[in-house]
Chemist: 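First the structure, then my questions, so here it is.
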There are 2 protein chains.
Amino acid sequence: MLTKTTEYAIRALIFIQARNLKGERPRLPEIAEGSNAPVHYIGKILQTLVRHRLLASAKGPGGGFFFAKNVPSISLFDVIRLMEGEAFFHRCGFGLNNCSVENPCPAHDQYREIRELYLEKVTRLTIADLAERVNEGKAYLDV
Amino acid sequence: MLTKTTEYAIRALIFIQARNLKGERPRLPEIAEGSNAPVHYIGKILQTLVRHRLLASAKGPGGGFFFAKNVPSISLFDVIRLMEGEAFFHRCGFGLNNCSVENPCPAHDQYREIRELYLEKVTRLTIADLAERVNEGKAYLDV
DNA sequence: CATAAAAAAGATAAAAAGGTCTTAAATAAT
DNA sequence: ATTATTTAAGACCTTTTTATCTTTTTTATG
């Protein structure tokens, strides 16, 4: 399961992208409201995303958050990897650090299947796709 | 992802079951070592499990932890439900409380697939099966 | 340039999770 | 009955996560 922080990040990115697709550039307070996260906290999170170039921002009047044009949309995988760390995707289901094919935990194979499905999904899902679904009224971000 | 506490619980239960199958009744210090968890902490966790009848215990000399005979082995689902709560299995991937078929989050269907696979797996996997794998030397619990 | 708008940064606080220590209660064995 | 052994219970501490508040920096515009 993702941490709250990562969930906020994903929701905020989808919200920003949805607005960007409509030609808007949302500012922090709107993003916080739209993604149901505390303003200052989401501020910090977006700051991290910008620092790592998953997102762009502009200060001052007319500023806000936006995605760079002509850059392929980031995937959920990109966001999760940044927020949770690469290890998140390889973690043993039972929390064992040694867990591997040679030294498997008792549910190694079963968890592998789940992880693989998960990885496949989050790699395919892009923020842009998800934002489009929101703009089309097919999906919602309200808590 | 499971909390550390739940991981400890699962590892401890498998350890206890593995010993039970060999006719032994492990005590706290051994369980803590065998499941790589802090003694006192695992003590609390097992206490919870006993209180909810997923496990049995005996105080005093010759005491320890064990599973009631002739009771079908509990599944990972049972343990996870107790430790994390029923909601764990229905939680939205993006942390949205309203998320449902009528009001889906942008990745609702994809996450549903993953959840269903997960649910199927943890329902099928019993502590006894997993413990057997350990006793057969096919799986390990070391961190 | 002065001003206002906005994100960035940093310091701090509150809450939750994880972990330790001490004492009490139960029980088997002598 | 006393003692030793063992889990149960409760109080307390530490770390991590989540959240807030304040100040600084950047920038567009009059």
Chemist: Show me the pairs that pass ring pair (Phe, Tyr, Trp, His ring centres under 6.0 Å) and involve residues 15-42 of chain B, at least two apart or across chains.
Modeler: B/Y8-B/Y41
Chemist: Suppose we screen for side chain to side chain contact (heavy atoms under 4.5 Å, CB included). Which residues come up paired with A/R124, at least two apart in sequence or across chains?
Modeler: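 So A/R124 forms a side chain to side chain contact (heavy atoms under 4.5 Å, CB included) with A/E120.
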Chemist: Enumerate the residues from residues 83-93 of chain B whose closest heavy atom to DNA chain C is under 4.0 Å, giving them by residue number; use none for an empty result.
Modeler: none
Chemist: Could you tell me which residues satisfy side chain to side chain contact (heavy atoms under 4.5 Å, CB included) with A/E24, sequence neighbours excluded, listed by chain and number?
Modeler: A/R19, A/K22
Chemist: Which residue pairs pass the side-chain hydrogen bond (donor to acceptor under 3.5 Å, both in side chains) test with at least one member in residues 91-100 of chain A, sequence neighbours excluded?
Modeler: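 Checked against side-chain hydrogen bond (donor to acceptor under 3.5 Å, both in side chains) - neighbours excluded - the pairs reaching residues 91-100 of chain A are A/R91-B/E7, A/S100-A/E102.
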Chemist: Which of these nucleotides, D/dA8, C/dT27, D/dT27, is closest to any side-chain atom of B/F65?
Modeler: D/dA8
Chemist: Just the rounded figure in Å: distance from P of D/dT6 to CG of B/L46.
Modeler: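 Rounded to the whole Å, the gap is 15 Å.
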Chemist: Which residues pass the salt bridge (Lys or Arg N to Asp or Glu O under 4.0 Å) test with B/E113, sequence neighbours left out?
Modeler: A/K121
Chemist: Starting at atom CD of B/Q47, determine the distance to atom C1' of C/dG19, rounded to an integer number of angstrom.
Modeler: 14 Å
Chemist: Between residues 14-33 of chain B and DNA chain D, which residues have a heavy-atom gap below 4.0 Å?
Modeler: B/R27, B/L28
Chemist: What contact category does A/G43 fall into here, base, sugar-phosphate, or nothing, at under 4.0 angstrom with non-hydrogen atoms?
Modeler: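 A/G43: no heavy atom of the nucleic acid under 4.0 Å.
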Chemist: Enumerate the side-chain hydrogen bond (donor to acceptor under 3.5 Å, both in side chains) contacts for residues 126-138 of chain A, please, sequence neighbours excluded, ordered by first and then second residue.
Modeler: A/T126-A/D129, A/E136-A/K138
Chemist: Please list all pairs passing the salt bridge (Lys or Arg N to Asp or Glu O under 4.0 Å) test where one or both residues lie in residues 65-78 of chain A, with sequence neighbours left out.
Modeler: A/D78-A/R81
Chemist: Nearest whole Å is fine: how far is C/dG18 P from B/R11 CZ?
Modeler: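 The answer, rounded to whole Å, is 12 Å.
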Chemist: Considering only residues two or more places apart or on different chains, which pairs with a residue in residues 36-56 of chain A satisfy salt bridge (Lys or Arg N to Asp or Glu O under 4.0 Å)?
Modeler: none
Chemist: Describe, in one word, how the ring planes of B/Y111 and B/F94 are oriented to each other, choosing from parallel (under 30°), tilted (30 to 60°) and perpendicular (over 60°).
Modeler: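 If you compare the ring of B/Y111 with that of B/F94, the planes turn out perpendicular.
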Chemist: Under the rule for salt bridge (Lys or Arg N to Asp or Glu O under 4.0 Å), what residues qualify as partners of A/R25, not counting sequence neighbours?
Modeler: none
Chemist: Quick check on D/dA8: is either OP1 or OP2 less than 4.0 Å from any side-chain nitrogen or oxygen of B/S57?
Modeler: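 Yes, within the criterion.
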Chemist: Taking only nitrogen or oxygen atoms into account, show me every contact under 3.5 Å that the protein makes with nucleotides 17-25 of chain D, one pair per line with its distance.
Modeler:
residue : atom : partner : partner atom : Å
D/dT18  : OP1  : A/K4    : N            : 3.2
D/dT18  : OP2  : A/T5    : OG1          : 2.7
D/dA19  : OP1  : A/K4    : NZ           : 3.4
D/dA19  : OP1  : A/Y8    : OH           : 3.3
D/dA19  : OP2  : A/Y8    : OH           : 2.8

Chemist: For B/L55 and D/dT6, what is the distance between atoms CG and C1' respectively, to the nearest whole Å?
Modeler: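 Those two atoms, CG and C1', are 15 Å apart.
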Chemist: If only atom types and distance count, is the side chain of A/R11 paired as donor or acceptor with the main-chain N or O of A/L141 below 3.5 Å?
Modeler: no
